[in-house]
Amino acid sequence: MFFYSLIGPSLMFFASTMITPRIQSGRTIDLNAYFLDTRRYFLPVFVVMSFFFVFDGPFFGTEKLLNTARAAQIFVIAIAACGLLTISSRVQKAISLAVLTSLVALIVVRFLPG
């Protein structure tokens, strides 16, 4: 169980290092172009990480496999996977906003008392 609990944070760290550009002094980075170049590597890691979090609660026995949070988690996985299919900057921004909104809503619903 200990090693299983390390998978999620490890994937988060790996994804965050992939999405963060290395800045060299005196050089400007176009973040939009950088994301569009790295998205084909970042998004699969994000999808695997999100899929992993679907099963961590049932694995540890803290929640049921089917609960209200699963729909939001599946939505996040599906919409992030759709990000692999397009290179349009406008669609990528919409996907990012949808994923962020879903994750915030999921956190609020999941951790509200009652």
Side-chain angles (χ1 to χ4, degrees):
M1 288 180 76
F2 174 73
F3 290 112
Y4 187 85
S5 67
L6 292 178
I7 294 171
S10 298
L11 287 172
M12 278 187 203
F13 177 77
F14 183 61
S16 66
T17 57
M18 286 175 39
I19 202 74
T20 306
R22 290 181 181 83
I23 299 175
Q24 298 172 353
S25 62
R27 183 174 169 226
T28 60
I29 296 175
D30 181 9
L31 293 178
N32 189 42
Y34 181 80
F35 175 75
L36 292 177
D37 287 341
T38 59
R39 73 174 172 73
R40 65 180 168 259
Y41 307 110
F42 168 75
L43 288 173
V45 172
F46 183 81
V47 167
V48 169
M49 178 186 67
S50 300
F51 189 73
F52 166 79
F53 286 128
V54 168
F55 295 106
D56 69 340
F59 180 75
F60 292 117
T62 57
E63 57 188 31
K64 296 179 183 177
L65 180 60
L66 298 175
N67 64 23
T68 56
R70 295 296 174 248
Q73 288 176 318
I74 299 301
F75 176 74
V76 166
I77 291 169
I79 196 123
C82 289
L84 286 167
L85 303 176
T86 183
I87 198 163
S88 168
S89 182
R90 181 176 289 164
V91 174
Q92 292 294 336
K93 288 175 185 175
I95 287 171
S96 297
L97 185 60
V99 167
L100 179 63
T101 304
S102 298
L103 290 175
V104 168
L106 177 64
I107 289 168
V108 168
V109 168
R110 188 172 186 177
F111 294 110
L112 278 178

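What you are looking at is a predicted structure, and each value in this text was computed from that prediction instead of being measured.
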Q: If you group Ile, Leu, Val, Met, Phe, Trp and Tyr whenever their side-chain heavy atoms sit less than 4.5 Å apart, what else falls in with F3?
A: F2, L6

Q: Tell me whether T20 contacts the main-chain N or O of T17 through its side chain, where contact means a donor paired with an acceptor under 3.5 Å.
A: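 Not confirmed, T20 side chain does not pair with T17 backbone.
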
Q: Ignoring hydrogens and geometry, is there a side-chain-to-backbone donor-acceptor pair from R40 to L84 under 3.5 Å?
A: no

Q: Could you state the interatomic distance from CZ (F35) to CD1 (I87), rounded to the nearest 0.5 Å?
A: 10.5 Å

Q: Which pairs of donor and acceptor atoms, one on a side chain in residues 43-50, lie under 3.5 Å apart (sequence neighbours left out)?
A:
| residue | atom | partner | partner atom | Å |
| --- | --- | --- | --- | --- |
| S50 | OG | F46 | O | 2.9 |

Q: Taking all non-hydrogen atoms of both residues, which atom of F53 and which atom of R70 are closest, and how far apart?
A: O-NH1, 4.5 Å

Q: Would you confirm whether Q92, through its side chain, and G83, through its main-chain N or O, come within 3.5 Å as a donor-acceptor pair?
A: yes

Q: Atom CZ in R22, atom CD1 in I29: separation rounded to 0.5 Å?
A: 10.0 Å

Q: Report whether I77 and L65 are members of the same hydrophobic cluster (ILVMFWY, side-chain heavy atoms less than 4.5 Å apart, transitive linking).
A: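 The answer is yes; both residues are in one hydrophobic cluster.
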
Q: Can M12 be reached from F60 by stepping across I, L, V, M, F, W or Y side chains whose heavy atoms are under 4.5 Å apart?
A: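 Yes, F60 connects to M12 through the hydrophobic network.
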
Q: Could you report the tightest heavy-atom contact between Y34 and I19, atom names first, then the distance?
A: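 So the minimum-distance heavy-atom pair works out to CE2-O, 3.4 Å.
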
Q: First locate atom CG of L103, then atom CD of Q73, and finally report the distance between them rounded to the nearest 0.5 Å.
A: 9.0 Å

Q: Side-chain heavy atoms under 4.5 angstrom apart, residues restricted to Ile, Leu, Val, Met, Phe, Trp, Tyr: same cluster for F55 and L11?
A: yes

Q: How would you list, by chain and number, every residue that makes a ring-ring contact (aromatic ring centres under 6.0 Å, His included) with Y41, sequence neighbours excluded?
A: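 Once residues adjacent in sequence are excluded, Y41 has no partner under the ring-ring contact (aromatic ring centres under 6.0 Å, His included) criterion.
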
Q: Report the distance from atom CG of D37 to atom CG of N32, rounding to the nearest 0.5 Å.
A: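 Rounded to the nearest 0.5 Å, the CG-CG separation comes out at 9.5 Å.
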
Q: Hey, any chance M18 and I23 share a hydrophobic cluster, counting ILVMFWY side chains that come within less than 4.5 Å of each other, even indirectly?
A: no

Q: When rounded to the nearest 0.5 angstrom, what is the spacing between CD1 in I74 and CZ in F51?
A: 7.0 Å

